[in-house]
Amino acid sequence: METALARSALYNFLAAAFGEPPTAALVDSARAIIPALADAPLDDLQREYTRLLVGPGAGYIPPYASIYLHPAEAGKALLWGAEAARVESTYRAAGLEIAPGQPRLPDHLALELQFMQHLCACQADAALRGDMQEAAEWQARQEAFLQGHLLVWLSRFAAQVEQSARLPFYPTLINFTLDFIQSEIENLKAVAAL
Amino acid sequence: MTITKFSRRDFIKLAGLTGGIALGSRFIPSHAAPAKSLASASQATDAGEWIPTACNMCGGQTGILVRVENGQVMKIEPNPDNPIGVANISSDYWVWKNTDGAAMCPKGNAGPMALYDPDRVKTPLKRTNPKKGPNEDPGWVAISWDEALNTIAAKLNALRENDEAEKLIWFCEDHSFKDIQEDFCKLYGTPNFLNHSNLCDVSRKAAFTLTMGDGRPLGDFAHARYILLFGWNPLSATKFSHLPRIFTRAIENGAKLVVVDPYLSQTSARADEWIPIRPATDGALALALAHLLIQWNLYDHDFVENWTTGFDEFAAFVADKTPEWAEQITSVPASTIRRMAREMGEKRPAVVDAWSGPGQQSNAVQGGRAIALLNALLGSVDRPGGMMNPERNGNAHQKAHGAKIEKPRLDNLSLYPFGHSSGVYTEALRSIADGSAAYLPKVGMVVFQNLVLSVPGTKNVIEALKKLELLVVVDTMLSETAQMADIVIPGTNYLERYDLTTNWVTWSSVSLRQPVVEPIFGQLPEYEFVTELGRRMGLKDADDADFFNIGAVSGQPLASTKAWYEEYLSEQLLKGGPKMSLDDLKQQPGACWVDPTGTRYEKFKDEVKLPEGARVENDWAVVFASGGATPLGVRDESGAAFQPNGSPLSIPSDAKVQSVPQVILEKDGKLWGFVDAQGILKGADGKGKGFLHGDKFFKGWNTPSRLVEFVSAQAAAKKDRNGNTVDALPVYTPRDWFPDEKYPLYLINWKEASHTHSRTFNNPWLIELMGWNRLALNTATAERLGIQDGDEVWVESPYAKSKALARVTQGMHPEVVGWQHGFGHWALGHIAKGKGTADGMFNRTISDPIAGMALHKEVCVKVYKA
């Protein structure tokens with residue numbers, strides 16, 4: 001339970017890191033988690049965030065899953081491809097929908113990380129209630145989502161961010177996320193096998 | 001790359017370091033309970049639905065049906081319950097909607113590609129690099145809506161408090177959420193509200209208004225037997241989607257289609273005859289045709305005698321406008337002109353129309369009048385197979401009541417004698433750029449307009465935009481204009497927003513554009529952005545009412561800007577033709593209200609009836625304020641005067657008292673109208689209502705004489721922007737800029753159904769359809785210049801030089817080169833960027849001196865191998 005709560009907090013942090021312009025507090029936390037993270041002025045990081053993850057324009061790497069999973073000609077992929085619809089039905093199956101007034105695209109990286117945060121929190125909650133069967137269900141959802149979806153596109157996305165970045169901040173953060181998710185999958189499998 | 005492995009213990013440690021950073025939840029609990037297990041987790045989709053709305057890939061606004069499944073737009077089909085896309089005459093509409101269904105164009109089909117374009121602007125952006133220009137990286141930083149709105153509101157309020165409201169200049173699109181922007185400007189107090197029309201067709205508007213009292217007449221081509229078009233490509237124009245079918249039907253019914261154009265357009269290619277012409281000489285050709293129709297007695301005597309004015313003077317004027325005279329000017333052989341005149345005179349009904357080809361030239365208004373008047377000679381005005389005066393009893397914008405604005409407009413609109421309410425982009429921008437403006441604006445608001453690529457004279461536009469202290473651009477894309485902005489606000493795609501759409505058919509209808517999906521980035525639609533700005537600024541109307549908070553129908557404060565705007569639209573519907581609320585319009589088949597009365601021909605013969613119990617006085621006079629045309633009241637034979645409402649009037653000393661043949665009073669004594677010395681029936685407001693013909697009043701046309709005017713007295717009373725007297729007759733005047741030794745070729749441009757203006761070039765389907773604007777030049781010209789098809793060439797004018805790819809073709813007048821407009825982006829999106837050549841840089845930033853129409857097509861260049 002303790003682990004699930006911790007993982008939930010980490011996903012929450014990552015969702016904020018990829019979903020909003022960096023703040024001083026976020027950069028501090030990022031440095032605490034990844035001591036190797038290179039230093040850069042906050043306004044440079046804000047420009048970098050906008051250029052890489054918000055766009056549009058030169059250097060923009062859209063942080064939407066279906067761009068990387070949609071079988072379209074290179075450079076012509078659209079938002080809200082078939083994968084986005086699948087992601088949204090996964091949310092619904094887990095009892096969630098996107099709040100009114102929020103960006104409606106289901107497959108933004110930050111939203112997917114927030115979804116993982118929710119699944120972890122539900123797992124922790126079930127465990128707290130002593131419903132280990134339900135906790136296992138929530139955990140199975142996590143594994144399916146990570147392995148069947150998030151990890152698949154995130155590595156492709158990470159490679160493009162690495163190429164486009166002017167500062168090491170976001171490539172480092174994304175590589176950390178990738179490592180984290182790889183470890184997650186291994187850990188989750190290990191737990192499930194027990 | 002080494003992969004760091006984290007254990008579960010690491011997670012706990014790392015979580016402790018996140019410092020509680022969290023993103024506010026973007027989820028809410030779903031209405032449906034979560035699936036119990038993964039196995040039962042349904043991947044099922046909802047059944048999906050077809051939602052009726054109106055396209056806005058261009059201003060044509062075709063009715064469409066949008067397939068939405070699970071909040072995602074899947075595809076778009078035409079909507080047969082909306083006449084736009086079916087037919088422009090009601091009798092055709094009611095048959096064809098069942099036999100043929102509706103049509104839409106490639107752009108309409110490509111709509112989802114625009115909605116889901118990854119290059120859309122997703123959140124407000126703030127510039128951090130103060131240097132502006134095509135090669136400057138703006139250094140965008142994403143900001144919150146609050147920061148964006150508050151920054152703009154504070155700047156605008158500061159201007160206003162400093163009594164500088166006129167220093168806000170606002171540019172907007174003419175068919176999308178325009179009304180609310182106009183209201184905002186009015187309440188804010190700036191006279192500088194401009195919109196797109198003066199980049200498009202205001203010379204046509206002026207020409208047809210002067211002749212037949214309507215700025216947007218529509219041809220009843222389907223029922224014509226002879227169709228003559230000047231510089232228009234309806235089979236593949238940007239708009240309208242029902243035109244190809246209408247023309248096809250006309251041809252099937254035996255009509256002859258003749259197209260006058262320097263370029264072999266798709267329509268020219270399918271016409272019976274293509275008449276290549278020297279640019280901007282169309283008016284001369286029209287005068288020679290008029291000359292022959294009159295000389296050969298092939299004109300409609302009955303129509304000309306009963307329903308027009310100035311014919312004798314016009315006939316005398318064209319007496320020397322022989323085909324040989326026209327041949328010299330136009331390069332069209334006199335024998336061809338004779339054949340055209342014979343055919344159009346004998347094959348009735350015949351209809352003549354013109355759009356932007358001759359329209360974007362310095363002599364466009366008078367040339368347009370000459371063309372329009374051919375319809376008068378042929379008896380083809382508001383009659384089957386002729387140019388129709390459409391009825392427009394659509395939604396009615398109830399304009400906000402703002403304080404009177406005393407400051408002058410920057411664009412000197414009042415100096416253009418038949419200028420359009422959309423203003424004059426070129427004069428505004430040029431005078432800001434060169435510093436000759438009466439004052440320099442400080443804040444620019446540009447909504448859904450790409451001025452840098454769409455206004456002639458690119459350098460001037462960029463210089464003008466650089467001079468603004470705050471430039472806000474609202475757009476779905478980071479256009480070349482958005483690249484100049486200080487703040488960019490993400491716009492909505494048409495599938496995410498409301499609008500009421502009307503026009504483009506000959507009888508009244510109103511269709512609804514409605515959000516078929518919520519704005520996909522959670523952004524405010526343009527109208528809610530304006531509403532929210534008005535709220536934050538605390539804008540009030542002249543009656544101190546809280547305009548942007550109080551619902552127009554309920555009269556109650558409305559917290560939601562969306563709900564407020566829905567009432568704003570409801571009011572326009574309730575007070576307009578449909579007389580129904582927005583919700584009721586949504587329930588109409590195809591979300592479209594269609595006036596069941598349908599198309600009416602010969603509306604000019606409508607009798608104007610006096611009100612029941614009306615009293616007609618023959619010895620009374622009308623009292624006007626000095627210089628005014630609206631009556632202050634009337635004076636009876638005893639010298640007593642009354643206001644229009646019947647109460648006593650003391651006549652001001654400087655008033656003008658005019659005896660008139662008839663003063664007409666309602667039975668309760670209120671003024672209903674009067675007949676002036678020319679036999680024109682005018683209302684109590686002084687506006688024309690009809691004219692006396694025999695012993696009846698007929699409606700006629702909305703011209704000063706209520707007739708179709710061969711001679712325009714109102715034109716002759718005015719001076720143009722250059723101070724020259726406007727001719728009462730449609731005199732052919734050569735355009736200002738002709739080819740010379742240095743720049744020996746005319747350069748023209750055009751639009752096609754594949755793209756709209758400069759805004760669709762990041763759409764992958766459309767760029768597949770038309771991906772490059774090669775420069776078309778005639779085979780003989782190319783040979784003389786040593787240019788082969790596909791060669792890279794330089795195109796050079798006194799103002800710019802740029803590379804292009806040559807397309808050698810027989811389908812171009814030998815003295816002319818030309819290309820499709822809208823290409824040559826250096827921004828907008830990764831697909832658009834770097835494709836083709838931009839055409840605006842070669843021009844001057846000027847307009848025609850009568851209507852203020854931007855001169856996109858009055859350019860000369862030299863072309864040589866690169």
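To find a chain, count down the sequence lines: A is the first, B the second, and so on, and within it residues start at 1. Note that the structure is predicted; figures quoted are calculated from it, not measured.
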Going through the distances and angles, do B:Lys126 and A:Asp43 end up as a salt bridge (Lys or Arg N to Asp or Glu O under 4.0 Å)?
CA-CA 12 Å; B:Lys126 182 176 77 177; A:Asp43 49 356; over 6 Å; no
Do any pairs count as a salt bridge (charged side-chain N to carboxylate O under 4.0 Å, His left out) and have a residue in residues 9-31 of chain B, sequence neighbours left out, and if so which ones?
none
Heavy-atom cut-off 4.5 Å, strictly under: side chain, backbone, both or neither for B:Asp119 against chain A?
both
State which residues pass side-chain contact (heavy atoms from CB on, under 4.5 Å) with A:Ala84; sequence neighbours excluded, sorted by chain then number.
A:Ser66, A:Trp80, A:Pro106, A:Asp107
List the steps, then state whether salt bridge (Lys or Arg N to Asp or Glu O under 4.0 Å) holds for A:Glu88 with A:Arg86.
CA-CA 5 Å; A:Glu88 187 157 38; A:Arg86 275 194 290 275; over 6 Å; no
Can you tell which of B:Gly139, B:Ser144, B:Pro138, B:Gly19 has the highest number of heavy-atom pairs within less than 4.5 Å of chain A?
B:Gly139
Contact origin within A:Phe180 toward chain B - heavy atom pairs under 4.5 Å:
both
Heavy atoms only, distances under 4.5 angstrom: which of B:Pro764, B:Ala142, B:Ala827, B:Pro118 has the most pairs with chain A? Name it, please.
B:Pro118
Checking side-chain polar atoms at under 3.5 Å, does B:Asn450 have a donor or acceptor matched by the opposite partner on B:Arg759?
no
Please check if atom NZ in B:Lys833 has more than 12 non-hydrogen atoms from other residues, nucleotides or ligands closer than 6.0 Å.
no
Option that, when pairs with chain B are counted at under 4.5 Å, heavy atom only, ranks first among A:Leu14, A:Ile67, A:Val54, A:Leu113
A:Val54
A:Glu186 versus chain B, heavy atoms under 4.5 Å apart: side chain, backbone, both or neither?
side chain
Is B:Pro519 close to chain A through its backbone or its side chain, or both, or neither, when contacts mean heavy atoms under 4.5 Å?
backbone
Hey, is the main chain of A:Ser8 close enough, under 3.5 Å, to the side chain of A:Asn12 for a donor-acceptor pair?
no
Apply salt bridge (Lys or Arg N to Asp or Glu O under 4.0 Å) to A:Glu184 and A:Arg7, showing your working.
CA-CA 9 Å; A:Glu184 278 276 88; A:Arg7 293 170 50 234; 2.6 Å; yes
Would the B:His755 and B:Phe761 ring centres measure less than 6.0 Å apart?
yes
Taking every heavy-atom pair that is under 4.5 Å apart, which of A:Gly81, A:Gly101, A:Pro56 has the most such pairs with chain B?
A:Pro56
Please flag which part of A:Tyr91 lies under 4.5 Å from any non-hydrogen atom of chain B: side chain, backbone, both or neither.
side chain
Chain B contact via A:Ile33 - which portion, at a heavy-atom distance below 4.5 Å:
both
I want to check a possible cation-pi pair here: A:Arg141 against A:Trp138, using under 6.0 Å from ring centre and within 45° of the ring axis as the test.
yes
Any ion pair linking B:Glu496 and B:Arg120 (charged N to carboxylate O, less than 4.0 Å)?
yes
Would B:Arg127 pass as a cation-pi partner of B:Trp140, given that its NZ or CZ must be under 6.0 Å from the six-membered ring centre and within 45 degrees of the axis?
yes
Is it the side chain or the backbone of B:Leu524 that comes within 4.5 Å of chain A heavy atoms, both, or neither?
neither
Residue by residue, which of residues 478-491 of chain B have a heavy atom closer than 4.5 Å to a heavy atom belonging to chain A?
B:Leu478
Tell me, side chain or backbone of B:Met113 under 4.5 Å from chain A's heavy atoms, or both, or neither?
both
Atom group of A:Gln114 that falls short of 4.5 Å from chain B, counting heavy atoms
both
For the residue pair A:Tyr49 and A:Phe169, is the inter-centroid distance of their aromatic rings smaller than 6.0 Å?
no
At a heavy-atom separation under 4.5 Å, does B:Asn762 approach chain A through its side chain, its backbone, both, or neither?
neither
Residue B:Ser25 versus chain A: region with a heavy atom under 4.5 Å
both
For B:Phe521, what residues pass the ring pair (Phe, Tyr, Trp, His ring centres under 6.0 Å) criterion, not counting sequence neighbours?
none
Side chain, backbone, both or neither of A:Tyr11 within contact of chain B (heavy atoms, under 4.5 Å):
neither
